[in-house]
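Quick caveat: nothing in here was measured; it's all calculated off a predicted structure.
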Number of protein chains: 2
Amino acid sequence: MKLITRDIDYSIRALAYIAKNNSDKISVTKLVKETKIPRPFLRKILQTLGREGLLESFKGKFGGFKLNKSPNDIYLLDLFEIFQDKFDFNKCIFKKKICPNTKDCVLKEKLDHIGEMVKREFGKISLQSIIEGR
Amino acid sequence: MKLITRDIDYSIRALAYIAKNNSDKISVTKLVKETKIPRPFLRKILQTLGREGLLESFKGKFGGFKLNKSPNDIYLLDLFEIFQDKFDFNKCIFKKKICPNTKDCVLKEKLDHIGEMVKREFGKISLQSIIEGR
DNA sequence: ATTAAATGATACTAAATTTGTATCATTATA
DNA sequence: TATAATGATACAAATTTAGTATCATTTAAT
Ligand code: FES
Ligand code: FES
């Protein structure tokens with residue numbers, strides 16, 4: 001099971017670079033040079049990060065991207081919620097015949113609980129902390 | 001992201017049924033009737049559960065499967081380790097250029113920690129507890 | 001105005017993984 | 001000896017993930 005998909009991986013790398021150079025607008029061209037991420041894929045990713053409000057985008061010549069929030073306010077959890085469609089750990093798996101109690105299934109409850117735990121942890125990992133290595 | 005894959009889902013259902021009827025040997029034919037799981041897929045799954053030591057198998061006519069351990073000694077974690085190839089949450093994602101410190105990368109450490117947490121939790125969920133709904 | 005270099009939107013394709021099938025060999029019981 | 005089961009393993013379909021391509025629009029410099 002992969003927790004960090006390519007989308008998220010590339011997002012972190014790109015965001016990290018942009019954050020470190022946040023005085024400039026950073027173009028995809030620049031990012032591709034720096035990170036070797038496949039161009040059209042990176043483009044798609046940045047476009048969604050823009051739509052989702054993590055990045056501000058500037059069109060036209062000498063355009064590019066900047067952070068739209070402080071690196072202290074961007075969390076790994078955000079990326080998971082953007083790229084892992086709503087990040088659902090727990091899906092009802094039993095049918096009536098087997099599952100002991102359909103109404104409030106223990107298994108589901110427990111998985112739910114684990115999911116919440118993980119979310120909380122991802123909610124603690126900020127872009128800033130990743131950049132700083134703290 | 002799916003935590004419970006089909007393999008695991010079906011395993012739980014099958015194990016639950018077998019556990020509830022553990023005086024008999026349960027054949028795939030019986031299980032298919034009871035659970036509606038696709039026959040050849042279920043067969044493959046039970047074969048691996050056998051190899052991995054969760055089930056004891058009996059060949060020949062009137063053969064089938066029995067638990068090889070008490071339902072108290074079978075944990076969700078076992079299934080994850082069997083079906084989610086070694087269940088690795090954390091894979092190094094950065095290249096030198098971006099990642100702050102390659103040696104002891106923070107992000108990797110943090111993901112590792114989360115992985116351990118989740119494992120611990122899965123290690124607490126026994127087949128017995130699922131059957132009982134406790 | 002025109003050109004160049006960027007992003008926006010979106011449809012498409014390829015690769016990988018997950019899910020499921022099929023088949024043949026072996027074993028045990030009646 | 002026939003039947004009904006599992007063992008091993010190769011194959012195929014479906015889905016998801018990863019990546020590409022294209023056209024329209026915007027902006028800045030000349
Ligand atoms: S897993 Fe959904 S009712 Fe038990
Ligand atoms: S994620 Fe591997 S070195 Fe940072």
> Donor-acceptor pair, Asn72(A) side chain versus Gln128(A) backbone, under 3.5 Å?
Replying inline: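 No; judged by distance alone, with no hydrogens or angles, the pair does not exist.
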>> Tell me the closest heavy-atom pair linking Ser11(B) and Ile45(B), and the distance in Å.
In response: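 Residues Ser11(B) and Ile45(B), closest heavy atoms: OG-CG2, 3.4 Å.
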Any [X] side-chain nitrogen or oxygen under 4.0 Å from OP1 or OP2 of [N]:
X: Arg51(B); N: dA8(D); value: yes
X: Tyr10(A); N: dG19(D); value: yes
X: Arg39(B); N: dT21(C); value: no
X: Ser57(A); N: dG8(C); value: yes
X: Ser27(B); N: dA4(D); value: no

Distance in angstrom units between [X] [atom1] and [N] [atom2], rounded:
X: Arg6(A); N: dA18(D); atom1: CZ; atom2: P; answer: 6 Å
X: Ile18(A); N: dT7(C); atom1: CD1; atom2: P; answer: 10 Å
X: Phe41(B); N: dC11(D); atom1: CZ; atom2: C1'; answer: 15 Å
X: Asp7(A); N: dT20(D); atom1: CG; atom2: P; answer: 13 Å
X: Leu31(B); N: dA5(D); atom1: CG; atom2: P; answer: 12 Å
X: Glu52(B); N: dA8(D); atom1: CD; atom2: P; answer: 12 Å
X: Leu49(B); N: dT6(D); atom1: CG; atom2: P; answer: 13 Å
X: Leu55(A); N: dG8(C); atom1: CG; atom2: C1'; answer: 14 Å

>> Please encode protein proximity along nucleotides 21-30 of chain D as a string of B, S and -, counting only heavy-atom distances under 4.0 Å.
In response: -B--BBBSS-
>> Quick check on the hydrophobic clustering: are Leu49(B) and Leu67(B) connected, directly or via other members, by side-chain heavy-atom contacts under 4.5 Å?
In response: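 Yes.
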>> Using the rule that Ile, Leu, Val, Met, Phe, Trp and Tyr join whenever any side-chain heavy atoms are under 4.5 Å apart, tell me whether Val32(A) and Ile12(A) fall into a single cluster.
In response: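 Yes: a chain of side-chain contacts under 4.5 Å links Val32(A) to Ile12(A).
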>> So Gly64(A), base contact, sugar-phosphate only, or nothing? Heavy-atom distance under 4.0 Å.
In response: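 Answer is sugar-phosphate: Gly64(A) comes under 4.0 Å of backbone atoms only.
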>> Going by side-chain contact (heavy atoms from CB on, under 4.5 Å), Leu76(A) matches just one of Leu79(A), Ile74(A), Asp78(A). Which one?
In response: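 Output: one option passes, namely Leu79(A).
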> So, do Lys30(B) and Tyr17(B) sit near enough that their side-chain heavy atoms are less than 4.5 Å apart?
Replying inline: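 Heavy-atom side-chain distance check passes, below 4.5 Å.
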> Taking C-beta and beyond as the side chain, do Ile130(B) and Leu15(B) meet within less than 4.5 Å on heavy atoms?
Replying inline: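 They are not in side-chain contact.
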>> If you assign Gln47(B) and Leu42(A) each to the DNA chain D nucleotide with the nearest heavy atom, which residue ends up on the more 5' nucleotide?
In response: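 Its nucleotide being nearer the 5' end, the pick is Gln47(B).
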